[in-house]
Amino acid sequence: MRDPMSILTDAFTSFLFGKVETTRLPVRTSTGQAQAVYLPTAAPGLGDSGVIIGREVYSGKGYIYDPFQLYGQQLPAPHWLVLGESGNGKSALEKTYVLRQLRFRDRQVVVLDAQGEDGVGEWNLIAQELGITPIRLDPTAALDHGIRLNPLDPSITTTGQLALLRTIIEVAMGHGLDERSGFALKVAHAYVNETIVERQPVLTDIVEQLRHPEPESAEAMNVDIDDVRAWGLDVALVLDRLVDGDLRGMFDGPTTVGIDLDAPLIVFDLSHIDRNSIAMPILMAIVGVWLEHTWIRPDRKKRIFLVEEAWHIINSPFVAQLFQRLLKFGRRLGLSFVAVVHHLSDVVDGAAAKEAAAILKMASTRTIYAQKADEARATGRVLGLPRWAVEIIPSLTPGIAVWDVNGNVQVVKHLVTETERPLVFTDRAMTESSTDTELTDDALRAAELEAEERAAAFVEQHLGDSESTVA
């Protein structure tokens, strides 16, 4: 308590010279306006409803993302593109994202797992943890009562079956079907569906009908039967590869009984297929159409379709067109498509540049991990990223990425819990590639902290350029 003399002295001083202390009135303002006064103020987040990803690097606050919660308000489409070189944490992000989404009861996920080690896919560990058996598509195993998917499965509409057969043939041939070949395929498919009713029609039936067309097929178009046979010969040779070639056993029989399409997680293990062969895009096409007609339903469930090595889809014009239709169709039924690609140049400079651009346009969310400077600049030009974000991408350390959610660009550190760590960080060294050196946890944290400090300093220095995009 102050003594009476001090109180008297202060009162006398105030009377002679006025008040020594002043009271500052509070000021109410928005976050956007406050950034001009206090530069380190962080950009607003995406809300607090959904799946937590980690924390925003500059503010340290939690970063939450969910395309189903944001769709229609902050997102025009729920589709997501993940980019970055191997070893930077893409797989860890995908896996933890799926595990966290599955905590919600109305979520269901399909994964096309194109990578693997030790004879199993990369997602095998997570599938085991959830008590799920992956659907392993393997030509050698298929011959010994392995998994089969029938392109002529009755659960697929006749229109869908014919579209799928055309896509398979066009992917294998590398060009579109001409009218005559298309006619031969159409009449063979129609005849098989009309005459085989006691069992599931299979590809062998189509091949046989192409080789030996019915006279009625020729008479309907007033052409010679030998012409119809000649028109269908190339088509029969392509389909024969699925029946009696290097892909035999996987698609030339009835769909395997017991595939659980109601499981919360469905994993298609494609790790036994040569990723650089024509078999991979053919597989993608068959699985994509099969899922479109058997898995996606108007039942109020929110579905996630995650594709590893997605350049196999986007780089093939015919498969890309198929998936483009799937994306448009899926938006009405709660489907979020997640495409994982190492380099954007793999697709934008490929044979399906037009189709790739359309798919990229539908992906309103983009997550970019570390890339080389030239690749980062090319990515920035295509995606329209701010200059500061493009310049910081080459310096990102594993686990840190630039997130662009419909123009809301932030730098996010992905966090993995101790429970998730054994499932996502395996002996694959960040789950994507093996490295010659391994960082200890302390060294990794130190590297991350250093990268965050460099990033924060860079943004403060170049804040005036934050609204400009790459020229």
Side-chain angles (χ1 to χ4, degrees), residues 139 148-255 277-290 292-294 316-326 351-352 355:
R148 282 188 174 90
L149 296 178
N150 184 14
L152 302 177
D153 192 309
S155 61
I156 302 176
T157 64
T158 54
T159 303
Q161 292 175 10
L162 184 58
L164 177 53
L165 290 173
R166 288 186 65 101
T167 300
I168 293 171
I169 296 162
E170 289 171 339
V171 169
M173 296 175 70
H175 59 78
L177 279 180
D178 58 40
E179 292 299 327
R180 295 179 177 182
S181 296
F183 171 76
L185 176 64
K186 178 182 176 182
V187 296
H189 175 252
Y191 181 83
V192 166
N193 271 346
E194 289 171 3
T195 58
I196 299 177
V197 294
E198 71 280 0
R199 59 174 174 83
Q200 280 192 18
V202 293
L203 286 179
T204 307
D205 302 319
I206 300 290
V207 174
E208 183 64 23
Q209 188 59 28
L210 287 167
R211 288 172 173 165
H212 307 287
E214 295 297 318
E216 293 83 358
S217 303
E219 293 171 2
M221 294 297 293
N222 196 26
V223 295
D224 189 85
I225 188 68
D226 291 333
D227 289 336
V228 177
R229 184 181 297 108
W231 297 345
L233 181 59
D234 287 344
V235 176
L237 290 174
V238 171
L239 293 180
D240 186 65
R241 182 177 180 183
L242 301 180
V243 173
D244 199 29
D246 53 346
L247 295 178
R248 63 180 298 194
M250 291 187 292
F251 310 108
D252 57 342
T255 299
S277 74
I278 195 65
M280 187 61 78
I282 290 176
L283 277 167
M284 295 285 188
I286 292 175
V287 171
V289 172
W290 192 74
E292 177 185 353
H293 290 271
T294 59
S316 168
F318 308 106
V319 182
Q321 289 170 11
L322 188 155
F323 271 77
Q324 187 179 347
R325 187 185 77 246
L326 178 63
E355 291 80 5

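The basis for the numbers below is simple: all heavy atoms, side chains too, and nothing from hydrogens, waters or symmetry mates.
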*Asks:* CG of L149 to CG of L164: how many Å apart, nearest 0.5 Å?
*Replies:*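 That separation rounds to 10.0 Å.
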*Asks:* What closest approach, in Å, do L177 and V235 show between heavy atoms, and which atom pair accounts for it?
*Replies:*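 Closest approach of L177 to V235: CD2-CG2, 4.0 Å.
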*Asks:* How many angstroms lie between CG in L162 and OG1 in T157, if you round to the nearest 0.5 Å?
*Replies:*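 If we round to the nearest 0.5 Å, L162:CG and T157:OG1 are 9.5 Å apart.
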*Asks:* So, using side chain to side chain contact (heavy atoms under 4.5 Å, CB included) as the criterion, who are the partners of T204 when residues are at least two apart?
*Replies:*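 V202, V243.
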*Asks:* Who are the side-chain hydrogen bond (donor to acceptor under 3.5 Å, both in side chains) partners of R229, not counting sequence neighbours?
*Replies:*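 Per chain and number, R229 pairs via side-chain hydrogen bond (donor to acceptor under 3.5 Å, both in side chains) with D226.
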*Asks:* Is there a side-chain contact between F251 and I168, using heavy atoms and a 4.5 Å cut-off?
*Replies:*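 Heavy-atom side-chain distance check fails, nothing below 4.5 Å.
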*Asks:* Going through the checks in order, is the side chain to side chain contact (heavy atoms under 4.5 Å, CB included) test met by D252 and R148?
*Replies:* CA-CA 7 Å; D252 57 342; R148 282 188 174 90; 3.7 Å; yes
*Asks:* Indicate yes or no: at least one non-hydrogen side-chain atom of I196 is less than 4.5 angstrom from one of Q209.
*Replies:*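 No, side chains not in contact.
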*Asks:* Could you list all the salt bridge (charged side-chain N to carboxylate O under 4.0 Å, His left out) pairs where at least one residue sits in residues 174-184, not counting sequence neighbours?
*Replies:*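 Residue pairs passing salt bridge (charged side-chain N to carboxylate O under 4.0 Å, His left out), neighbours aside: none found.
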*Asks:* Give a yes or no on whether the backbone of G232 and the side-chain of S181 come within a donor-acceptor separation of less than 3.5 Å.
*Replies:*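 Not confirmed, S181 side chain does not pair with G232 backbone.
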*Asks:* If every non-hydrogen atom of G288 is compared with every non-hydrogen atom of F323, which pair is closest and at what distance?
*Replies:*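 Shortest heavy-atom separation between G288 and F323 comes out as CA-CZ, 3.9 Å.
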*Asks:* Identify, with sequence neighbours excluded, every residue that meets side chain to side chain contact (heavy atoms under 4.5 Å, CB included) alongside E208.
*Replies:*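 H212.
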*Asks:* List the residues meeting side-chain hydrogen bond (donor to acceptor under 3.5 Å, both in side chains) with Q200, not counting sequence neighbours, and say none if there are none.
*Replies:*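 Residues passing side-chain hydrogen bond (donor to acceptor under 3.5 Å, both in side chains) with Q200: N150.
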*Asks:* Heavy atoms only: give me the nearest L210-A184 pair and the separation to one decimal.
*Replies:*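 What the structure gives for the nearest pair is CD2-O, 3.5 Å.
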*Asks:* Which pairs with one or both residues in residues 182-200 pass salt bridge (charged side-chain N to carboxylate O under 4.0 Å, His left out), sequence neighbours excluded?
*Replies:*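 For residues 182-200: R199-D205.
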*Asks:* Distance check, rounded to the nearest 0.5 Å: H175 atom NE2 versus I169 atom CD1?
*Replies:*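 Atom-to-atom, H175:NE2 and I169:CD1 are 11.0 Å apart.
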*Asks:* How close do P201 and V192 get, heavy atom to heavy atom, and via which atoms?
*Replies:*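 In this case the closest contact between P201 and V192 is CB-CG1, 3.6 Å.
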*Asks:* Taking only residues two or more places apart in sequence, or in another chain, which ones meet N222 in a side-chain hydrogen bond (donor to acceptor under 3.5 Å, both in side chains)?
*Replies:*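 By the side-chain hydrogen bond (donor to acceptor under 3.5 Å, both in side chains) rule, N222 matches no residue at all.
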*Asks:* Of all residues at least two apart in sequence or in a different chain, which pass the salt bridge (Lys or Arg N to Asp or Glu O under 4.0 Å) check with D234?
*Replies:*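 For D234 there are no salt bridge (Lys or Arg N to Asp or Glu O under 4.0 Å) partners, ignoring immediate neighbours.
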*Asks:* List for me each residue that meets side-chain hydrogen bond (donor to acceptor under 3.5 Å, both in side chains) alongside Q161, sequence neighbours excluded, and say none if there are none.
*Replies:*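 Partners of Q161 by the side-chain hydrogen bond (donor to acceptor under 3.5 Å, both in side chains) criterion, ordered by chain and then number, come out as H189, N193.
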*Asks:* Considering only residues two or more places apart or on different chains, which pairs with a residue in residues 152-167 satisfy salt bridge (charged side-chain N to carboxylate O under 4.0 Å, His left out)?
*Replies:*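 Matches after skipping sequence neighbours: R166-E170.
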*Asks:* Only counting residues at least two apart or in another chain, list the ones meeting side chain to side chain contact (heavy atoms under 4.5 Å, CB included) with A172.
*Replies:*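 Scan of A172 (side chain to side chain contact (heavy atoms under 4.5 Å, CB included), adjacent residues dropped) gives V238, I282.
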*Asks:* Indicate the atoms forming the closest heavy-atom contact of A285 with T167, along with that distance.
*Replies:*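 Between these two residues, the closest heavy atoms are CB-CG2, 3.7 Å.
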